[in-house]
Amino acid sequence: MADEKVQPAKVKRLENDYTRQLDHQQAVQHHTRWLGRRRMRRALRIGLVFAVFALILGIQLVRTNASLHKVNQQVATSERQLTKTKAENTQLDLKVKQLNNQDYVAQLIRSKYYYSKSGETIYSLPGDHASDVTAK
């Protein structure tokens, strides 16, 4: 390696232990620098791959969190709707039971539609809140 260097024509290179040792030291330093650069590039590549994976996983985590939040909102809305529907169902069940009672049905028909028993007279007062039969 060192022999291949261009040297001036009047200067001759001495081949002794000292020059060989210097050549060897220079070769080791060159190899060490090259190896250091190589390791640095390898570390940079590994770090880059790690950063890409971390970015991908981070994006997935954010998406999953947003999706979870959306599903939780839908569940809360559905639970409110279910509670409301159960309350309506309870009221409707009560009305069905009342409509099965003959006394209640008779009273409802008499108050709402102004039906009367035979011989009975119905008087409508101004403060009366019964709905008008012709309105419906």
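Taken from CD in Gln107 to CD in Gln102, the straight-line distance is 13.0 Å, to the nearest 0.5 Å. Rounding to the nearest 0.5 angstrom, the gap separating the CD1 atom in Ile59 from the OG1 atom in Thr64 is 11.5 Å. One distance of note links CD1 of Ile46 with CZ of Arg42; it measures 7.0 Å at 0.5 Å rounding. Atom CG of Asn89 and atom NZ of Lys86 lie 9.5 Å apart (nearest 0.5 Å). The distance from the OG atom of Ser67 to the CD atom of Gln60 is 11.0 Å, given to the nearest 0.5 Å. Between Asp93 atom CG and Lys95 atom NZ the span is 12.0 Å, to the nearest 0.5 Å.
Its side chain within the 4.5 Å cluster rule, Phe53 clusters with Val49 among the Ile, Leu, Val, Met, Phe, Trp and Tyr residues.
Shown here for Asp103 and Asn101, the closest heavy-atom pair between the two residues is N-OD1, 3.2 Å.
Applying the side-chain contact (heavy atoms from CB on, under 4.5 Å) criterion to Tyr18, with sequence neighbours excluded, gives Asn16, Leu22.
With a 4.5 Å cut-off on side-chain heavy atoms, Val105 and Asn100 do not count as touching.
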Run Arg20 and Asp17 through salt bridge (charged side-chain N to carboxylate O under 4.0 Å, His left out) and show every step you take.
CA-CA 5 Å; Arg20 280 188 222 112; Asp17 289 337; 3.1 Å; yes
